[in-house]
J.: 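Questions regarding the structure given below will be posed in turn.
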Protein chains: 2
Amino acid sequence: MELTQRKRQILKVVVEDHIRTAEPVGSKTIAAEMTGKVSSATIRNELADLTEMGYLEQPHTSAGRIPSPKGYRFYVNELMESQALSEDERVRIDESLQLRGGEMDRMMTQAGKALSSIVNYPTYMATTRKRRLTVRRFDLLGVDGGNCIAVVMMSNDRVKSQLLQLQLDVTAEQLPILVNLLNTHFVNISVSEMSQKLMSVAEQIPPQLFLLLSQAVNYAAELLEEADKREIVTAGASQLLKIPEFRDADKAHDLMSFLADSKESLPVLDDGPMKILIGPENVDEALKDTSVIIASYDIGDDMRGLIGVVGPTRMDYATVAARLSGFAEGLTRMFGKNLPPKEDTEQ
Amino acid sequence: MELTQRKRQILKVVVEDHIRTAEPVGSKTIAAEMTGKVSSATIRNELADLTEMGYLEQPHTSAGRIPSPKGYRFYVNELMESQALSEDERVRIDESLQLRGGEMDRMMTQAGKALSSIVNYPTYMATTRKRRLTVRRFDLLGVDGGNCIAVVMMSNDRVKSQLLQLQLDVTAEQLPILVNLLNTHFVNISVSEMSQKLMSVAEQIPPQLFLLLSQAVNYAAELLEEADKREIVTAGASQLLKIPEFRDADKAHDLMSFLADSKESLPVLDDGPMKILIGPENVDEALKDTSVIIASYDIGDDMRGLIGVVGPTRMDYATVAARLSGFAEGLTRMFGKNLPPKEDTEQ
DNA sequence: TTTAGCACTCCGGGAGAAGGAGTGCTAAAC
DNA sequence: GTTTAGCACTCCTTCTCCCGGAGTGCTAAA
């Protein structure tokens, strides 16, 4: 059944009022805020309908109405006016994106904190890789003491290296042979192919060289796996305690430990630029009465980042969504130009 | 003025009872728990003395006594019996130290979480370097497209590398010259000496080579500075909400945002194996009514780690101290053997 | 010096009571 | 047929009052 225009307007007022005040909304308040002139009695009739249809709830008989998850969903889908960012907000976001570079996860934490202070809710950030990484190039550098440095350049132009400790001596002439072997057989293949290949060459070269070879290959495999792992960081959890819904220590505790210890089960965004999950739409029990808004951004051409906001179902969806997508765009911009030597030079 | 034996015993009972129950302790309770038989009236006289001397406080006239910071300090210095770890606890600690390796700060976070779940308070971890790092060895590897990989081995045997993007072509013959230059003039010196040296060689080599040289040196300098920076991570902040003292959302919020955003001003341990800071002994306003216990451990020969526990002044000092030092010893042991290729092979 | 006894203080919890916000229904007005 | 005024009713919240209990400090006796 369709909602009449007036019902829609009433629902909108209820949701927005409740978002603002965190209190149940009464018929009188609604009447005052409605543009079309109707009495509170009329509103009451409509409220009864909306409640029966499941868009609103009543904490107890003589209280006003609060939106149900279904009501919020309808609001988000149909009633919410998508907000433009104010100049102030835009400036604030741009400023907060002046992150100092460095390790990826440190940048993520910084960005998460920044967003958190912009939306006043906890946030989380994750990255996923668009393509599988491979090794593009190996090098081995001899060091005194029979040790050796392995240098691995990956398909995203990142270079990593580690000292390999060998018990045995490998002469200077043997290294180029190994390097050649590595660059012939172990580049541009997956981790599992690597280990197959490793077995197949095992008998073709002397054992002590094979030891070194396998160390180098294993190091590379570790790197690829490490880089492929989804990394999630959360920030701004303490913001929760300022929200009326979470002033109760036990409730806050549950959600905060979830954010700290079960990051992996935070919802993700499979496609599209943004997703909003309202209350029970979340699969995870701990998020059943929170809402989550997720947006994605690009980290160069190679990776995709995901940034989410966790708040009460009584979240200011319009504002948060606007700020979040502004922030995500800012991140895309930032990673587009600021990281040339690292991630975005895939060609 | 010295405390009589009986006063000491009473103080001990008050502190330990209050630690256990979080409630003010009355004279009758004390009398029941004292071994020497005295009446509650006698205890009351003693309590009055102890209060006047500043060891105890009275929330209001007709309440029992709680320890003052001075009282806790006396307890910690003189009365507390240092606990031995039970077999269970020892096993638990050892189990929790089965960290999967990886990046340093990820290990720190894991360890912090583990400790936090052992002591049931928030924790923080930091590292400091015992000696200044320098570069031990440079390498440059040519890549197609006029680019070049810089490989830097530091004095702690860590090897890092990055792709340097050059606009210009550097021929294969020129690289060894540069590498030689780097390994002659830029190893084993401090960052500031590096930039001096860089200026002094500026005119001795062709400009396009100098460009590459300076990129490599700057990369190394960044690495050293990055590695020298004190890194602090906190964990288990949500534990706070289970503590009666922090059930108040505002109090919890203040401390939690402090832990999240002002990590740098958490107290450190300059020497000695352990330090206990009680309430107002903390310089930072946010910690004025919390206590902090800090211990240190070794990360190989080269670095020192610091691990702290933040809790209410009504903390179980004996138990926490025992678990903390057990944990710190465990960390030292772990870093002593588990990280051979990384940090502990300084010779 | 210790202890029993006692009056006193103060907190915490429970019971009303008052106030207020909001509802649902009815009957009249539009 | 919709809308609205009016009104009784419900239920929450807040306040106050009161009481019981825990604990104290003091006094006087052991």
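Computed from a predicted structure; not experimentally measured. Protein chains get the first letters and strands the later ones, always in sequence-line order, with residue 1 at the start of each.
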J.: Return the orientation label for the A:Tyr72 and A:His18 ring planes: parallel under 30°, perpendicular over 60°, tilted otherwise.
T.: tilted
J.: Hey, which of B:Glu33, B:Glu81, B:Glu78 is the one that makes salt bridge (charged side-chain N to carboxylate O under 4.0 Å, His left out) with B:Lys12?
T.: B:Glu81
J.: Give the rounded distance in Å between these two atoms: CG of B:Asp49 and P of C:dT2.
T.: 11 Å
J.: Apply side-chain contact (heavy atoms from CB on, under 4.5 Å) to the pair A:Tyr75 and A:Val14, showing each step before the final yes or no.
T.: CA-CA 10 Å; A:Tyr75 172 78; A:Val14 172; over 6 Å; no
J.: Side chains of B:Ser262 and B:Ser265: donor-acceptor distance under 3.5 Å anywhere?
T.: no
J.: Looking at A:Glu264, I'd like to know if its CD atom is crowded, meaning that more than 12 non-hydrogen atoms belonging to other residues, nucleotides or ligands lie closer than 6.0 Å.
T.: yes
J.: If you take any heavy atom closer than 4.0 Å to DNA chain C, which residues from residues 56-70 of chain B end up in contact?
T.: B:His60, B:Thr61, B:Ser62
J.: Output the residues of residues 15-23 of chain B in contact with DNA chain C, where contact means a heavy atom of the residue under 4.0 Å from an atom of the strand; sort by number or write none.
T.: none
J.: Within the 3.5 Å criterion, strictly below it, is a donor on B:Glu57 or B:Ser68 matched to an acceptor on the partner's side chain?
T.: no
J.: Taking pairing as Watson-Crick or G-U wobble with both contacts under 3.5 Å, can you name the mate of C:dT9, or confirm there isn't one?
T.: D:dA22
J.: Are the side chain of A:Lys275 and the backbone of A:Ile294 linked by a donor-acceptor contact shorter than 3.5 Å?
T.: no
J.: Report yes or no: does B:Asp284 contribute a side-chain atom to a donor-acceptor pair with the main-chain N or O of B:Leu287 at less than 3.5 Å?
T.: no
J.: In whole Å, what is the span from the CD1 atom of A:Ile10 to the C1' atom of C:dT23?
T.: 15 Å
J.: When the distance from NZ of B:Lys28 to P of D:dG25 is rounded to whole Å, what number comes out?
T.: 16 Å
J.: Only one of B:Ile293, B:Ile118, B:Asp316 passes side-chain contact (heavy atoms from CB on, under 4.5 Å) with B:Arg323; say which it is.
T.: B:Ile118
J.: For nucleotides 3-7 of chain D, tabulate all protein N/O to nucleotide N/O atom pairs closer than 3.5 Å, reporting atom names and distance.
T.:
| unit_1 | atom_1 | unit_2 | atom_2 | d |
| --- | --- | --- | --- | --- |
| D:dT3 | OP1 | A:Arg6 | NH1 | 3.1 |
| D:dT3 | OP2 | A:Arg6 | NH2 | 2.9 |
| D:dT4 | OP2 | A:Ser39 | N | 2.9 |
| D:dT4 | OP2 | A:Ser39 | OG | 3.3 |
| D:dT4 | OP2 | A:Thr42 | OG1 | 2.4 |
| D:dT4 | O5' | A:Ser39 | OG | 3.4 |
| D:dG6 | O6 | A:Arg44 | NH2 | 3.3 |

J.: Are side-chain heavy atoms of A:Arg8 and A:Leu79 found at a separation under 4.5 Å?
T.: yes
J.: Report the base-pairing partner of D:dT27 (Watson-Crick or G-U wobble, both distances below 3.5 angstrom), or none.
T.: C:dA4
J.: If you count the non-hydrogen atoms of other residues, nucleotides and ligands that lie under 6.0 Å from NZ in B:Lys28, is the total more than 12?
T.: no
